[in-house]
Amino acid sequence: METATRRILTSEGLDGLLAALKRRGYRTVGPTVRDQAIVYDDIGSIADLPGGWTDEQDGGHYRLVRRGDAALFGYAVGPHSWKKFLHPPTLRLWRAARDGDAVQVVAEAPPEQPFAFIGVRGCELRAIEIQDRVLLAGQHADTPYRERRRGAFIVAVNCAKAGGTCFCTSMNAGPKAAAGFDLALTELADRPGGVFVVEIGSEAGRLMLADLPQRAATEGEIAAAEGVVERTAAAMGRAMRSDDVRELLLRNLDHPRWDAVAERCLTCGNCTMVCPTCFCTSVEESSDLAGGETGRSRRWDSCFTMDFSYIHGGAVRASARSRYRQWMTHKLATWFDQFGSSGCVGCGRCITWCPVGIDITEEVRAIRDSEQR
Amino acid sequence: MGDAAAFAADRADPMVPRVARVRRRRRDGPLVWTLELEADGADPGGFAPGQFNMLTVFGVGEVPISLSGDPAAPDRLVHTVRAVGPVSAALARVEPGGAVGLRGPFGAGWPMAEAAGRDVVLVAGGLGLAPLRPALYRLLAERERYGNVVLLYGTRSPDEILFRREIETWRRRLDIDIEVTVDHAAGDWHGHVGVVTTLIPRAAFDPLHALALVCGPEVMMRFAISALRDAGLAEEAVYLSMERNMKCAVGLCGHCQFGPVLVCRDGPVFRFDRLRGLLRTKEI
C-alpha cells in the first residue's frame, strides 16, 4: 500500500473500530492485563487494552511496569500468541454415539463467530503465516484451524518498543507488519489524545475503516510512524545470525553444547507452549462408563515430554539433550525441510518464559563459536 | 446418518474416522491378530502396498496399523496387530461384527512401479512381514513383470512366524525364493537359525538390477542395509518402512518427526539414501 493512503485514527476512532467489528459479528480479541501479564483475551473497548503498561523482559524474567504515558500498545509480546485462538490448547475433534450395533461419528462444529484480532505484531503475523503453511498448505488441511483462520480480521500494530528478548529483525519478521493484515496501526504515543497511523492491508480493512471517523495522515505523521519502527528495529534486545543456522545445526548434531544445555534444561515444555509457531498436538479419548458416548479431544503437546516420541519399548528421545536438540533443530533447521521456512520468528518468548532463562540466540552462538571443523 | 452435507463434511475432515466392522479375526502368533475390516457404506477406494490406516477403538484410542492384505481386494481391509499396548490390545479383542473407527489409507508405499523389470528382495523381521505382504501379493499377481522375487524372513522363534500356511503355499511355487530363519529354536525346528541378515549373502538376485524392500525393527533394518550394501546393492535401491509415534497420520501433529522428514507424510516407506545419516544418529 502506498503511504499516500495512510489514514489517522484517534483513540476514539480505535474504540469505534472495536465497536464496528463487534457489530459485524466478530469476536474481538486483544491484549489485556491479567495476572500481572499482558495476555490475549476477549476485549470490549479500548479500556480493556493495557494502557500505560509496558513489559520488562529478559531470560526467565517478565515484569509489567508503568510507562510514563498512556500508550495502548507500548509493550512487546506476552506469554500468549494468537495460536491460542486459531489452534486452541484443547479442542474436541468429534464424538461418537453407539446405539446397539450402530455407531455414529459426528465432527465438532466450528465456532460461530469469526475472530477479530487486535494488536497483532509483525512477528506474530509471520507466525500465523508459518502456521498457515504447516496446517493448511499440505495434502491434508487441519479443519479446526481452517475454520478459525477463515474470515479472521487482523488489526496489526507496529512495535513501538523492542522487548529485552526480541530478535525479530534477525529473523526478518518485524518489527513492522509486512503483510497478512487488514489494518496496521502505528501508535504515536507522544501525541495528545492518541494518534494511530493506519495502513490498509486489504479490501476488508478499507471497507471497515471507511465507516469510522478518520482523516488522511500528514507527511509529518507518516514520517513519525516510520521513525517509531526504525527506532524499535535498532533496539532489539537479542540478535541471532540466521542465514546459515540450518546448516550450522545440522552439521553439529553431536556438539557437546547439547549436553551443556541439557544440564540446565528442565524439559518443562514452556518454550513450546509460548512459541507462536509450535503446533504439535496429541489426542485423548473420552468415554462414558458404558462406552456408549465416546469422543476424541486434541491438546497441545510438547516434544520435551517422554511420551511424545514413545513407540513400543520406549521413547525415541529419552535424554534431555536429544529433546532440546529436537526442539531447537526443528525450529531453526528441519522446519525448512518440512515446511519451506524457518519456524522461528524472533519473538523471544521461549527466552523470557524459560524458567531457567535458556536463550536460543545464546545457544546458537555457543555452537557457532565452538564448532570443530 | 444425518443429512448428506454434514456427512460429506465429516468425511472431508482427515481427523474424523468413519465406522468399520470387523469381519474376521484370526490369531497369527503370540499376541498377534489379523483383523479383516469392512467400512460401513463407503466405497473401498483401494490402497497401495505399504500404506497404513489409523484404527480407533471407541473410547480407548487410536493406533497406526499397516494394511497387510491383498491390494487387489480393497474391500477387505486386512490389518495385522500385535497386542502390546492398551489400544492394540483392545483392538485385538474386538469380536467379528464389532465396530471400530477407520481413517486412511495414509502414507507413501513400496516402490512397485520402480520394481518392474527388476529383481525384488523383501527382507522382513518379525511383524515387519505384515506391511510387506501386500507388496508380495502384488508381485505374485503380476509375476511376469519382475525378475527374481526373494523373500527373506526372520523371527525370534518358530511360533512367531506370521502367515505360516500362506508362506508354505508360496514356497511350493517355483517362481519365488523364500528363506525363513529364527533367532532361537528348540529341537523340533529344522530350518535356518540366525538373524535374517545372514540370509542376504546367499540370496539369488543381481545387485545391479534389484530393489530391496526392508521392514522390521530399526536395528534389524540397519544391519540388513549394511548386508545389502555388502552384497553390492546401491543405497538408492534399498527401501525401508519406518515406525514412529503417530497421532494424526496427516503431517499435522508433529509426533513422527525423524529429522527433516515426517514419517506419516513423507513415508512410512523411504528410499534409504533419504535417511542416510539419520539412522546413524542416536535419539534423532
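Chain letters run A, B, ... following the sequence lines, proteins first, then strands; residues in each count from 1.
The distance from atom SG of A:C280 to atom CG of A:D301, rounded to the nearest 0.5 Å, is 7.0 Å.
Most heavy-atom pairs under 4.5 Å with chain B, from the set A:L250, A:D288, A:D101, A:V283: that is A:D101. With chain A as partner, the option from B:L262, B:V261, B:V84 having the largest number of non-hydrogen pairs under 4.5 angstrom is B:L262. Between chain A and the residues B:T281, B:N245, B:D266, the most heavy-atom pairs under 4.5 angstrom are made by B:N245. Most heavy-atom pairs under 4.5 Å with chain B: of the set A:T281, A:V134, A:D254, this distinction falls to A:T281. Note on B:P17, B:G85, B:G97, B:G251: by heavy-atom pairs under 4.5 Å with chain A, the leading option is B:P17. With respect to chain B, the highest number of heavy-atom pairs below 4.5 Å among A:E284, A:Q326, A:R146, A:H330 belongs to A:H330. Ranked by heavy-atom pairs shorter than 4.5 Å toward chain A, the options B:K247, B:Q257, B:R265 are led by B:Q257.
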**Check against side-chain contact (heavy atoms from CB on, under 4.5 Å), B:V94 and B:W33** = CA-CA 10 Å; B:V94 179; B:W33 295 82; over 6 Å; no

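Interface residue A:A318: backbone and side-chain heavy atoms are both found under 4.5 Å from chain B. Only the side chain of B:V19 comes within contact range of chain A, with at least one heavy atom under 4.5 Å from a heavy atom of that chain. Only the side chain of A:R296 comes within less than 4.5 Å of a heavy atom of chain B; its backbone N, CA, C and O stay farther away. With a threshold of 4.5 angstrom between heavy atoms, A:Q139 does not approach chain B through any atom at all. Neither the backbone nor the side chain of B:R82 comes within less than 4.5 Å of any heavy atom in chain A. Looking at A:R98, the atoms closer than 4.5 Å to chain B (heavy atoms on both sides) all sit in the side chain, from C-beta outward. Using a 4.5 Å cut-off between heavy atoms, A:S309 touches chain B through its backbone atoms (N, CA, C, O) alone. Both the backbone and the side chain of A:V316 come within less than 4.5 Å of a heavy atom in chain B. For B:E218, no part lies near chain A; criterion is any non-hydrogen pair under 4.5 Å. Only the side chain of A:R325 comes within less than 4.5 Å of a heavy atom of chain B; its backbone N, CA, C and O stay farther away. The part of A:L253 that comes within reach of chain B is its side chain, from C-beta onward, which places non-hydrogen atoms under 4.5 angstrom from that chain.
Judged purely by distance below 3.5 Å, without hydrogens or angles, the side chains of A:N252 and A:E371 pair a donor atom with an acceptor atom. Side chain to side chain, B:E243 and A:H312 meet the donor-acceptor criterion of an N or O pair below 3.5 Å. If you check the side chains of A:R298 and A:S282, you find no donor sitting under 3.5 Å from an acceptor. Side-chain contact, B:D159 with B:S157: a donor N or O sits under 3.5 Å from an acceptor N or O. Side chains of A:E124 and A:W82: a donor on one and an acceptor on the other come within 3.5 Å. With 3.5 Å as the limit, one finds a donor-acceptor pair spanning the side chains of A:K331 and A:T277.
No donor-acceptor pair closer than 3.5 Å links the side chain of B:R156 to the backbone N or O of B:G126.
Taking the six-membered ring wherever Trp is involved, the centroid distance between the rings of A:F279 and A:H87 does not fall below 6.0 Å.
Note on ring orientation: taking the six-membered ring where Trp is involved, the planes of A:F85 and A:F117 are tilted (angle from 30° to 60°).
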